[in-house]
Engineer: 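Have a look at this one.
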Number of protein chains: 4
Amino acid sequence: MKTTILIHCPDQTGIISAVTGFVHDNGGNIIYLDQHVDPQANVFFMRLESNFDVDGFKASVFEEEFEEKLARRYTMQWSMHREGKLPKMALFVSKYNHCLYDLLSRYSSGELQVEIPFVISNHDDLRPIAEQFDIPYYHISVTKGTKSEAEDQQLRLLKSHEVDFIVLARYMQIVSAKIIDQYPNKIINIHHSFLPAFAGARPYHAAFKRGVKIIGATSHYVTEDLDEGPIIAQDVTPVTHAHRIADLVTKGRDLEKIVLARAVQLHVQRKTMVYDNKTIVFY
Amino acid sequence: MKTTILIHCPDQTGIISAVTGFVHDNGGNIIYLDQHVDPQANVFFMRLESNFDVDGFKASVFEEEFEEKLARRYTMQWSMHREGKLPKMALFVSKYNHCLYDLLSRYSSGELQVEIPFVISNHDDLRPIAEQFDIPYYHISVTKGTKSEAEDQQLRLLKSHEVDFIVLARYMQIVSAKIIDQYPNKIINIHHSFLPAFAGARPYHAAFKRGVKIIGATSHYVTEDLDEGPIIAQDVTPVTHAHRIADLVTKGRDLEKIVLARAVQLHVQRKTMVYDNKTIVFY
Amino acid sequence: MKTTILIHCPDQTGIISAVTGFVHDNGGNIIYLDQHVDPQANVFFMRLESNFDVDGFKASVFEEEFEEKLARRYTMQWSMHREGKLPKMALFVSKYNHCLYDLLSRYSSGELQVEIPFVISNHDDLRPIAEQFDIPYYHISVTKGTKSEAEDQQLRLLKSHEVDFIVLARYMQIVSAKIIDQYPNKIINIHHSFLPAFAGARPYHAAFKRGVKIIGATSHYVTEDLDEGPIIAQDVTPVTHAHRIADLVTKGRDLEKIVLARAVQLHVQRKTMVYDNKTIVFY
Amino acid sequence: MKTTILIHCPDQTGIISAVTGFVHDNGGNIIYLDQHVDPQANVFFMRLESNFDVDGFKASVFEEEFEEKLARRYTMQWSMHREGKLPKMALFVSKYNHCLYDLLSRYSSGELQVEIPFVISNHDDLRPIAEQFDIPYYHISVTKGTKSEAEDQQLRLLKSHEVDFIVLARYMQIVSAKIIDQYPNKIINIHHSFLPAFAGARPYHAAFKRGVKIIGATSHYVTEDLDEGPIIAQDVTPVTHAHRIADLVTKGRDLEKIVLARAVQLHVQRKTMVYDNKTIVFY
């Protein structure tokens, strides 16, 4: 059985030795170990892929002993994930279809190992795409007056389908604390600029006006501070004075879909850890 | 004789035909033509490299007739530059040496076709490098109280050496309007971030704190609005959570020197035109 | 009426002036002019976007006079394209679906302004995707013995639908001269390496074995020399020792689809000209 | 005392646990651990930065016990490096000066933590640059007839100065086995193409002829197979049809110096390990 263990705790001597020894003593073979220390915050991070191909290995017993013998001693926050169970990913969209097409294509071809219980949108426009890929589509319109109610409806769907994480694939609504609090570091957004440049609305217009020579896209976990959440992935592409706003939008679409897919993939493979509003990304 | 003509004027039909016809009728052969229209501002831009290898060609007569027959008719702002005369470039530095080393190496090897009459610095630290390359070095210290006087001294040097343009090669002082007004779109700065992200001081610290996955450098013409001038060149490089601030600084140095050199080269080759706080860069 | 004129001819003085004058005299307004001279081959290239918004403008008359008055004089190869008529693009695929999904998504969303009369494949696997997007799908299997016959069948389809150009979207068969000769510089392929590195089969395996730190993808026009045709677009992405072949394949997929789409878009917008086995790409 | 331990050995379960436990038991604190498994060759690689800030710690005793208790058991190839002693780097150049300038600037400013006992060249042209930086310069001319003798002279210099590694900073001579055998994986070359594309002479000419849209540079360890050694670092930059060979050379210079410096820095920081003609690069 392949497992991924994620740990963070105050940095102390001997942690790596203690953890790897424990895994070894329980019959595990370490396939990959990634570790990072934030020297300013004095925090230690580790990601450990191991194989437990032993008769009689019981994950629940392992977890219990890990908690008792290691986690308490080192004041660890930790989690263990077994390969095999597909995480459930909800998609939120509005009217732009390029990220939706891209994620559904990756899902459909098996590149993205998730279940997609449904797509939610504040518009009905993209329903045919969801139907093309046989994914249920819920149109929940959002207006000033109905926002709270709409989010309740969204939450009911999320809960009833036991959704693990949410992807905002160019969803043009601000998600409120009501939902964010239920899914901390589990909502992934794509912003169509090289954050922190051009946060907020209409970044391509702002980039054009400023005359930048490079544009970008940023995928990040959603927090209550708009466009300020922990960055997971970014990418850029050069532009020139000859590119009009429409050209920036077109070029940006390719960035957006690639960067969002990369962030989603990293999240699914449990290669991300969030600390102090930053994302540690183990490649 | 090789010449470069730069033009901008309100966009009208027939300009390209009129200009290329005029050059042709005067015995010029067009080597390269670059043109751009800003459709929002309705402004036309052109860069024209031509060869006038004809007996009896007189640049002054050509310029006079161009002014009379074309420039007035189309309300052009224009300039003509003959190959051969090296522009005079003043270097302003403080304590960082990587951009200075890089520019002087390019100058010394003939890659950068300029004269460098002197280096000015508010510190004495980099004098040995200037001397290594046989460039006069003026230490003009700048404090709150002496700033105005220091700039007078700088201006006298600039004027007496007939400097054409100024490069701030990590010069850690704000240049005031007193100098900027004398060298509009002729002062090139390197900012150690991907502007407009992390404008102001200590951008690497800010980038580290924000947890970006890409850092950059930006070269721009200096205007009175700090870090807001027309961008000439930008470049970026990926970083990870494992990079500390010192690592960002080291990686950034390479970006800074390459981006600054690129901007300087574009300026020297008269491939830049500034309009509406943006830089048209003809490659 | 917006038109795009593409010209190449031996380089001579006065061409730009003659062409722009002719367009102007016929009531055309030049929107964009791109020009290039190959100094070694002494060949001149031009791309000219113009608007002819005049009463009584007749493209056929214009073309006739252009031929008589300019093309003969300068020995031009030239063509004029009117905006509005969508080019017909045939898609050839095998079993990989990422490029197919990507191109069909762009087509479906209107980003790619083409008609797609059909998809041809030597396998039946991707039929559901074509059907998802309502595109006819022809399964024409290709074996050593049936190749010639299969190509006849392909040609009949291409001809009967008046296909303008062909995109090999990871089509895993070599296209023979029988088809190439009918579509010179009109068949676009995507090769999954940074050509000329790793030409031929299994480039990701070769890249892994060589231990390169960057992988790439290359889109090119198909000629009879396999993987040797004129390059239209290339892009790359960094890799490390930690990436296995399967990781290169996954990362490569994103490169392939983006690079192929970029090349197709350039071709559709008539921004490419081929000369001496190289592609001039006017951005 | 800060140390870096590099290990490779056949992959077996329990290595990480054994090594980290041993370091821990000897009073070491692990600062950074990087590990990699080549699953095809079944080889395990590890890089371990540790601090031994304990009274009475003796490196020689530690090394002896490490050898006895770990290295033999796991059939390790390993080495331990203590911070503080600067490695000695010899520079070989010919007539191109950009890499020389760049490396000497980094050395002079303290960015590159090495000693440079001398520069060797087969020409006398770059002597003034070495002298500018106060580095001894040896002109050893190389002709067909004198090559063997010249290499003897080079070897004497290398040996008498106890040189640790050699950097070929655009040295335009083939280094023979006589020298390579003495410095296995200790000679770093910069090739001015994106290897394996355009191996051999005049890569910019070849790139121009092929019409590639991206050019690159590659730094690698020198082996007897020319341009086939383990790649340490690569980088690329876009080019267009408008770039002539001279433009490629100019753009390439920037790539070459940056990529070479990056490779040298990685080597100096002992972040590289060579296996099976590939370089593992721990960032």
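So that the names make sense, note that chain A is the first sequence line, chain B the second, and so on, each numbered from 1. All values derive from a computational prediction rather than experimental measurement.
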Engineer: With chain B as the partner, which of A:Ala207, A:Pro230, A:Ala197, A:Gly216 has the greatest number of non-hydrogen pairs under 4.5 Å?
Structural biologist: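 Going by pairs under 4.5 Å, I would pick A:Ala197.
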Engineer: Tell me if the NZ atom of A:Lys186 is crowded by more than 12 foreign heavy atoms within 6.0 Å.
Structural biologist: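 No.
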Engineer: At what distance, to the nearest 0.5 angstrom, does NE2 of A:His241 lie from OH of B:Tyr275?
Structural biologist: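 If I round to the nearest 0.5 Å, the distance is 14.5 Å.
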Engineer: Would you say that more than 12 heavy atoms from the other residues, nucleotides or ligands in this model lie under 6.0 Å from the OH of A:Tyr74, or not?
Structural biologist: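 Yes - once you tally the heavy atoms of other residues, nucleotides and ligands closer than 6.0 Å, there are more than 12.
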Engineer: Between A:Val236 and B:Val236, what is the shortest heavy-atom contact and its length?
Structural biologist: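 Shortest heavy-atom contact: CG2-CG2, 3.5 Å.
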Engineer: Side chain, backbone, both or neither: which part of A:Pro238 has an atom under 4.5 Å from a heavy atom of chain B?
Structural biologist: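 When you check distances to chain B, no heavy atom of A:Pro238 falls under 4.5 Å.
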Engineer: Within the supplied structure, the quantity of interest is the number of heavy atoms (other residues, nucleotides, ligands) at a distance under 6.0 Å from A:Lys251 NZ; does it exceed 12?
Structural biologist: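 Yes, because the 6.0 Å sphere around NZ of A:Lys251 holds more than 12 heavy atoms from other groups.
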Engineer: Hey, which of A:Gln234, A:Glu228, A:Gln40, A:Arg244 has the most heavy atom pairs under 4.5 Å with chain B?
Structural biologist: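 Top option by heavy-atom pairs under 4.5 Å: A:Gln234.
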Engineer: Do A:His36 side-chain atoms and B:Ala242 backbone N/O form a donor-acceptor pair below 3.5 Å?
Structural biologist: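 Flag not set: sc A:His36 to bb B:Ala242 has no pair under 3.5 Å.
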Engineer: Counting only heavy atoms not in B:Phe44 (residues, nucleotides, ligands), do more than 12 fall under 6.0 Å from its CZ?
Structural biologist: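 Yes, the 6.0 Å shell around CZ holds more than 12 heavy atoms from other groups.
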Engineer: To the closest 0.5 Å, what do you measure between CG (A:Asn277) and CZ (B:Arg210)?
Structural biologist: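 One finds 6.0 Å between CG of A:Asn277 and CZ of B:Arg210.
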Engineer: So with a 6.0 Å cut-off around NZ of B:Lys209, is the heavy-atom count from everything else above 12?
Structural biologist: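 Open: at most 12 neighbouring heavy atoms sit under 6.0 Å from NZ of B:Lys209.
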Engineer: Can you tell me if B:Lys278 uses its side chain to pair, donor with acceptor, with the backbone of A:Phe208 under 3.5 Å?
Structural biologist: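 Confirmed, B:Lys278 side chain pairs with A:Phe208 backbone.
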Engineer: Show the nearest heavy-atom pair for residues B:Gly211 and A:Ile231, with the distance to one decimal.
Structural biologist: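 So the two residues come closest at O-CB, 3.8 Å.
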